Visitor: 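Here you go, one structure.
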Number of protein chains: 2
Amino acid sequence: MSDLLERLRTRGWRLTAQRRVVAEVLEGDHVHLTADEVHARAAQRLPEISRATVYNTLGELVNLGEVIEVSTDHRAKRYDPNAHRPHHHLLCARCGAIRDVHPVGNPLADLPESERFGFSVSEVELTYRGICPDCTV
Amino acid sequence: MSDLLERLRTRGWRLTAQRRVVAEVLEGDHVHLTADEVHARAAQRLPEISRATVYNTLGELVNLGEVIEVSTDHRAKRYDPNAHRPHHHLLCARCGAIRDVHPVGNPLADLPESERFGFSVSEVELTYRGICPDCTV
DNA sequence: ATCCTACAATGGACGAAGTCCAAGTCAAGT
DNA sequence: ACTTGACTTGGACTTCGTCCATTGTAGGAT
C-alpha cells in the first residue's frame with residue numbers, strides 16, 4: 001500500500017502524516033468505511049486529525065481514481081480502496097455487510113439501442129442485495 | 001392514476017387533500033423527483049402542505065410498494081412512481097437526467113455461486129451512466 | 001346531517017452527513 | 001535553515017431528513 005503513497009507522491013502529492021494515516025486506514029479487501037469511520041480509525045493513530053481533512057483526503061483519492069465512492073444504502077457514502085480491479089457490490093439488507101463481487105458477463109451489452117435514449121453510455125454499476133450468512137441464522 | 005388512489009383507499013388509506021396532491025404530482029413516465037421537488041409542486045396546488053407531510057406520504061407510498069426510492073447521485077433521494085414494471089436507470093453524468101430502462105438478460109444469473117459469499121441473493125439494481133443527447137452537444 | 005375519534009397534517013426543533021473558509025502550520029525545494 | 005505555497009484545523013453553515021406535541025379532519029356511527 002506504500003505503492004499508493006509512492007504513486008501519489010510522484011503525482012505531486014505532499015506527503016503529510018494525515019494523508020498517510022488515511023491511506024493506511026483504507027488498506028485491505030472488502031473495506032467499505034464511511035468518512036466518519038475513517039476519521040475514527042485515523043484518530044486512533046493521529047488524534048488531532050480533523051474531519052475536514054479526512055473529507056478532503058478521501059475526495060482527492062476519489063478524484064485521483066485510487067478510491068471509489070459507494071452509496072449502498074441511502075445514508076453515508078462509503079469509500080472502497082479496491083479501485084484498480086473493476087467490481088460490483090453485494091450487500092446484506094439486514095446488517096449492511098458489503099462484499100466486492102465479480103459477476104460474469106457485461107451488462108453494458110444488455111442495454112438495447114432502443115433503450116439508450118440517445119445517451120452515450122459508458123459505465124454500469126450493479127448492486128446485488130440479499131441476506132448474509134450471519135443474518136440467515 | 002386515480003387507480004392508485006382507489007387502490008390505496010381499499011387498503012385503509014384515509015384520502016386527504018394532501019395525499020391526493022402528492023399522488024397527482026407523481027403522475028407520469030420517467031418521473032424522478034426529490035422530496036423537495038414534490039413538495040414545491042404540491043404546494044402550487046395546496047399552498048399549506050408541509051414538508052413533513054410530503055415526507056410521510058412518500059414514505060408510505062414506498063412502504064406500500066407504489067413508489068420506488070432511487071438514490072442516483074449521492075444527494076437527495078428521488079421518488080419513482082413506476083413501481084409496477086421492474087426497471088433500472090440510466091443517468092446523465094453531466095446534468096443528472098434520468099430515464100427508466102429495461103435491459104435484456106438477468107444479471108442475477110451472472111453472479112457465480114463462488115461470488116455469493118453464502119448470501120441468499122434476491123435483488124439486483126443496475127445503474128447505467130453516460131452523457132445524454134442534450135449534454136453531448 | 002351531525003358527532004366522534006382515531007388517524008393525519010403542521011411546523012419548528014433536532015440530527016446526520018457533508019461543505020466552506022479564514023487563519024495557522026508544515027513539507028519539501030533551494 | 002529558509003521560504004512558500006500547499007495542507008490542516010475547527011467551527012460555522014448547508015442540505016436532507018426525522019421527530020414530536022399540537023391541531024385538524026375523514027369517514028364511520030348515530
Side-chain angles (χ1 to χ4, degrees), chain A residues 2 5-25 32-43 45-64 66-80 96, chain B residues 2 5-25 32-43 45-64 66-80 96:
Chain A
S2 56
L5 294 175
E6 200 50 48
R7 233 180 301 142
L8 295 173
R9 215 157 60 80
T10 65
R11 290 212 232 170
W13 244 40
R14 187 174 286 187
L15 201 37
T16 68
Q18 290 84 346
R19 287 173 168 181
R20 210 186 315 262
V21 168
V22 168
E24 281 168 17
V25 163
H32 307 89
L33 299 170
T34 65
D36 266 352
E37 287 165 355
V38 171
H39 178 245
R41 298 192 188 193
R45 308 191 193 189
L46 190 69
E48 332 81 73
I49 194 170
S50 72
R51 285 185 349 110
T53 295
V54 170
Y55 276 106
N56 287 341
T57 305
L58 289 172
E60 288 155 10
L61 288 169
V62 170
N63 284 337
L64 293 169
E66 298 288 348
V67 164
I68 290 170
E69 246 176 33
V70 184
S71 59
T72 52
D73 51 9
H74 304 256
R75 326 213 63 207
K77 294 178 213 169
R78 293 181 172 275
Y79 293 88
D80 181 344
Chain B
S2 56
L5 293 174
E6 200 49 48
R7 233 179 302 140
L8 295 173
R9 215 158 59 79
T10 65
R11 290 212 232 169
W13 242 41
R14 186 176 286 187
L15 201 39
T16 68
Q18 290 84 348
R19 286 173 170 181
R20 210 186 317 260
V21 168
V22 169
E24 281 169 17
V25 164
H32 306 89
L33 299 170
T34 64
D36 266 351
E37 287 164 355
V38 171
H39 178 245
R41 297 191 187 195
R45 308 191 194 187
L46 189 67
E48 334 80 71
I49 192 170
S50 71
R51 285 186 345 111
T53 294
V54 171
Y55 275 105
N56 288 340
T57 304
L58 290 172
E60 287 154 11
L61 288 169
V62 169
N63 284 337
L64 292 169
E66 298 289 348
V67 164
I68 290 169
E69 246 177 32
V70 184
S71 59
T72 52
D73 50 8
H74 304 257
R75 325 215 61 207
K77 295 177 211 168
R78 294 181 171 275
Y79 293 88
D80 181 344

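Predicted model only: the values in this text are computed from it and were never measured. Proteins get letters first, then strands, A, B, ... in listed order; numbering begins at 1 in each.
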Visitor: In whole angstrom, what separates B:R20's CZ from D:dA26's P?
Guide: 9 Å

Visitor: Calculate the interatomic distance between A:E60 atom CD and D:dA6 atom C1'; express it in whole Å.
Guide: 10 Å

Visitor: Between C1' on C:dG11 and CG on B:L46, what's the gap in Å once rounded to a whole number?
Guide: 15 Å

Visitor: Please name all residues satisfying side-chain hydrogen bond (donor to acceptor under 3.5 Å, both in side chains) with A:T53, sequence neighbours left out, ordered by chain then number.
Guide: A:S50

Visitor: Could you work out, with salt bridge (charged side-chain N to carboxylate O under 4.0 Å, His left out) as the rule, every residue matching A:R51, not counting sequence neighbours?
Guide: A:D36

Visitor: Among residues at least two apart in sequence or on other chains, which ones pass salt bridge (charged side-chain N to carboxylate O under 4.0 Å, His left out) with B:R9?
Guide: B:E6

Visitor: I'd like a table of atom pairs between the protein and nucleotides 13-18 of chain D - only N or O on both sides, under 3.5 Å - with the distance next to each one.
Guide:
| unit_1 | atom_1 | unit_2 | atom_2 | d |
| --- | --- | --- | --- | --- |
| D:dG17 | OP1 | B:K77 | N | 2.9 |
| D:dG17 | OP2 | B:Y55 | OH | 3.1 |
| D:dG17 | N7 | B:R51 | NH2 | 3.1 |

Visitor: Can a donor-acceptor pair be found, under 3.5 Å and without considering hydrogens, that links the side chain of A:H39 to the backbone of A:I49?
Guide: yes

Visitor: Using whole Å, what does the distance between atom C1' of nucleotide D:dC7 and atom CG of A:N63 come to?
Guide: 16 Å

Visitor: Can you tell me how far C1' of D:dT23 sits from CD1 of B:I49, to the nearest Å?
Guide: 16 Å

Visitor: Report the residues that fulfil side chain to side chain contact (heavy atoms under 4.5 Å, CB included) with B:H32, sequence neighbours left out, ordered by chain and then residue number.
Guide: B:H30, B:R78, B:D80, B:H89, B:I98, B:D100

Visitor: To the nearest Å, how far apart are B:R11 CZ and C:dC7 C1'?
Guide: 18 Å

Visitor: Can you tell me the distance, in whole Å, between the CG atom of B:N56 and the P atom of D:dC19?
Guide: 10 Å

Visitor: Tell me, please, which residues at least two apart from A:R45 pass salt bridge (charged side-chain N to carboxylate O under 4.0 Å, His left out).
Guide: A:E24

Visitor: Got a donor-acceptor contact below 3.5 angstrom from the B:R19 side chain to the B:T57 backbone?
Guide: no

Visitor: Using the test side chain to side chain contact (heavy atoms under 4.5 Å, CB included), find all partners of A:E69 that sit at least two apart in sequence or belong to another chain.
Guide: A:V62, A:K77, A:Y79, B:H74

Visitor: Using OP1 and OP2 only, check whether a side-chain N or O of B:Q18 sits under 4.0 Å from C:dT10.
Guide: yes

Visitor: In Å and rounded to the nearest 0.5 Å, what is the CG to CD1 distance from B:L61 to B:I68?
Guide: 12.0 Å

Visitor: To the nearest 10 degrees, what angle separates the axes at the start and end of the helix from C:dA1-D:dT30 to C:dT30-D:dA1, five pairs each?
Guide: 30°

Visitor: If a protein heavy atom is under 4.0 Å from the base, mark B; if only from the sugar-phosphate, S; if neither, -; do that for nucleotides 23-30 of chain C going 5' to 3'.
Guide: ---BBS--

Visitor: Counting only heavy atoms not in A:R20, do more than 12 fall under 6.0 Å of its CZ?
Guide: yes

Visitor: Side chains of B:E66 and B:L8: does their closest heavy-atom pair fall under 4.5 Å?
Guide: yes

